[in-house]
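All remarks here apply to the structure that follows.
Throughout, numbering of the chain's residues begins at 1 and tracks the sequence. What you see is a predicted model, and the numbers here were worked out from it, not measured in a lab. Atoms within each ligand, like the ligands themselves, are counted from 1 in listed order.
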Amino acid sequence: MTLTRADMAALDAADPLARHRDAFDLPDDIIYLDGNSLGAMPRAARTRLAHVLDAEWRTGLIRSWRGPTGWMALPRKVGDAIAGLIGAAPGEVIVADSTSVNLFKLLAAALAMNPGRTTILSEPDNFPTDLYIAEGLARLVGPAARLKIVPRAQLAGAIDSDTAVLTMTHVDYRTAEILDMAALTRAAQAKGALVLWDLSHSAGAVPVDLNGSGADLAVGCGYKFLNGGPGAPAYLFVARRHQDRFVQPLSGWLGHGAPFAFETGYRPASGIARALCGTPPVLSLAALDEGVQTVVAAGMPALRAKSMALTQRFIDLAAQECPELVLASPRDSTRRGSQVSFHHSQAERVMEALIATGVIGDFRTPDVLRFGLAPLYVRFADLWDAVARLKGALSRL
Ligand SMILES: *Cc1c(COP(=O)(O)O)cnc(C)c1O
């Protein structure tokens, strides 16, 4: 059966999330299929930032740090909101630093929590910064740590009595493949290893159940499906059962038990606050707060249902209109995150041509066309229009 634009419009008319698109200020002439790299701008971010500037900074000045709704409370408040999206409990997630820096803190903590073991285990298709950070940490630590990289399919078998921590990205940034968090976590823990999950392509797009999976540690990005804005701070998770013996190396004053006692020595705060390092970026954090609320307002079950429908329709439309594209994402929607990728020998040129028509996706080396389908604001009709222009771009090669 041939799919038509009218079929897509009918899906939009029946879409229970359709009204959530109004929460975003998107340009009319753009079809935005890159929310997995930088989420769209929530309208509420503009009013919130104006409030932070005028009422909190200009008028409140330094007084705005204090109080239950003050700036100092934001890392924990936004962390708790994110916790609800990733199967964590309040007090297990906090917003701080960047994903890369949080990886460093948590990998170092994991080595210290598993003394006598030296291996950080990962796979070559993990996101590059994750591997680079592990490499740099191993170099810094010396013989007490090494990074071991084995192909994804062999990971479970490579976990041994020297593995201190297994670190993986839950949803593959290139293909959108969802890894089996519960199974890999069990396999690692059965050998005495800790597990650190990177949720950068998961939170806000794919249901995550950290505690249901027994996960130990996690990090993730604020500016992708959480719509936190460019360079939004990241978040990290430490399971409650580990928090007392979790000690991270960036022992800055905001992770201290009494930051304003100005003591000479470091003693970590109790709970997740010890994962903090320095002063939070308040403007970015306020914008992230609004971005996270756009996801909370829709709810993960509804978002996942629409995301699976979007990615399936996009695959079907591409197969119908652009049969030369080779699907790089899993065919099974239960194993696919909120993006669709295709191989094409001239992917970079194709994506440039497509962006020139107002359809924004991205290119990933070596030959991948990547389309992030954020269920909060991508419409089914957008898929039709994007594939029509993709067909045009391919025909002009
Ligand atoms: C986007 C992304 C990051 C980003 O890290 P930054 O420190 O924010 O630059 C890290 N890991 C993964 C898996 C990502 O997708």
Side-chain angles (χ1 to χ4, degrees), residues 33-40 75 78-79 82 85-86 93-108 110 120-137 147 149 152 155 165-179 181 184 195-206 208 210 215 217-237 248 250 275-278 280-281 284-285 287-288 291-292 295 328-329 336-341 361-365 368 370-374:
L33 306 183
D34 215 352
N36 52 334
S37 268
L38 175 66
V78 181
I82 295 171
L85 302 173
I86 56 178
V93 176
I94 200 157
V95 173
D97 304 313
S98 65
T99 306
S100 302
V101 171
N102 288 333
L103 276 161
F104 180 87
K105 295 189 295 189
L106 264 55
L107 285 173
I120 300 171
L121 182 63
S122 195
E123 49 120 345
D125 293 324
N126 197 354
F127 192 76
T129 202
D130 299 50
L131 298 176
Y132 302 161
I133 287 285
E135 186 187 318
L137 175 64
L147 171 63
I149 299 177
R152 184 173 300 171
L155 266 181
V165 56
L166 170 68
T167 183
M168 306 288 310
T169 296
H170 178 228
V171 175
D172 185 298
Y173 74 100
R174 218 189 244 112
T175 66
E177 180 183 353
I178 301 176
L179 276 64
M181 178 180 283
L184 278 163
V195 182
L196 195 177
W197 288 100
D198 186 333
L199 306 177
S200 291
H201 285 279
S202 312
V206 171
V208 177
L210 285 172
L217 304 165
V219 297
C221 180
Y223 51 78
K224 293 171 180 167
F225 290 106
L226 294 182
N227 308 311
Y235 56 92
L236 61 85
F237 158 88
Q248 56 100 356
L250 301 186
L276 294 175
C277 179
S284 309
L285 195 43
L288 174 63
V292 170
V295 178
S329 298
R336 190 169 65 228
S338 207
Q339 73 183 53
V340 176
S341 303
D362 61 25
F363 162 75
R364 283 293 176 269
T365 57
V368 171
R370 195 176 73 149
F371 300 95
L373 308 180

Exercise for the section: Would you mind telling me if ligand 1 is within reach of the side chain of D130, the backbone, both or neither, using heavy atoms under 4.0 Å? Expected result: side chain
Problem - Sub-4.5 Å side-chain heavy-atom contact between Y173 and P128 - result: yes
Completion exercise
Taking only non-hydrogen atoms of H201 and a 4.0 Å limit, the atoms of ligand 1 in range are 15 (O)
Problem - From I133 atom CD1 to K105 atom NZ, the distance as rounded to the nearest 0.5 Å - result: 11.5 Å
Fill in the blank from the handout: Scanning both residues in full, the closest heavy-atom pair of L250 with F104 reads CD2-CE2, 4.3 Å
Practice task
Considering heavy atoms of the protein only, find what lies nearest to atom 7 (O) of ligand 1 and give residue, atom and distance to 0.1 Å.
Solution key: S100 OG, 2.6 Å
Problem - Heavy-atom nearest neighbour in the protein, as seen from atom 1 (C) of ligand 1, with distance rounded to 0.1 Å - result: K224 NZ, 1.3 Å
Practice task
Indicate yes or no: does an N/O atom of T129 lie under 3.5 Å from an N/O atom of ligand 1?
Solution key: no
Exercise for the section: Around atom 11 (N) of ligand 1, find the nearest protein heavy atom and jot down its residue, atom name and distance. Expected result: D198 OD2, 2.8 Å
Practice task
Assign the ring pair F127 / H201 to parallel, tilted or perpendicular, where the plane angle (0 to 90°) is split at 30° and 60°.
Solution key: tilted
Practice task
Calculate, to the nearest 0.5 Å, the distance between atoms CD1 and CG belonging to I149 and L131 respectively.
Solution key: 4.5 Å
Exercise for the section: Under 4.0 Å from a heavy atom of S98: give me the atoms of ligand 1 that qualify, with their elements. Expected result: 7 (O)
Problem - Nearest candidate to atom 10 (C) of ligand 1, where distance is taken over non-hydrogen atoms, out of T99, L103, I133, L38 - result: T99
Fill in the blank from the handout: Note: ligand 1 atoms sitting under 4.0 Å from heavy atoms of T169 are 13 (C)
Problem - Rounded distance (nearest 0.5 Å) linking atom CG of L217 with atom CG of L236 - result: 9.0 Å
Handout entry: Shortest protein contact, atom 4 (C) of ligand 1 (heavy atom only)
Key = Y223 OH, 3.3 Å
Problem - Contact summary for L106 and F237, nearest pair of heavy atoms - result: CD2-O, 3.7 Å
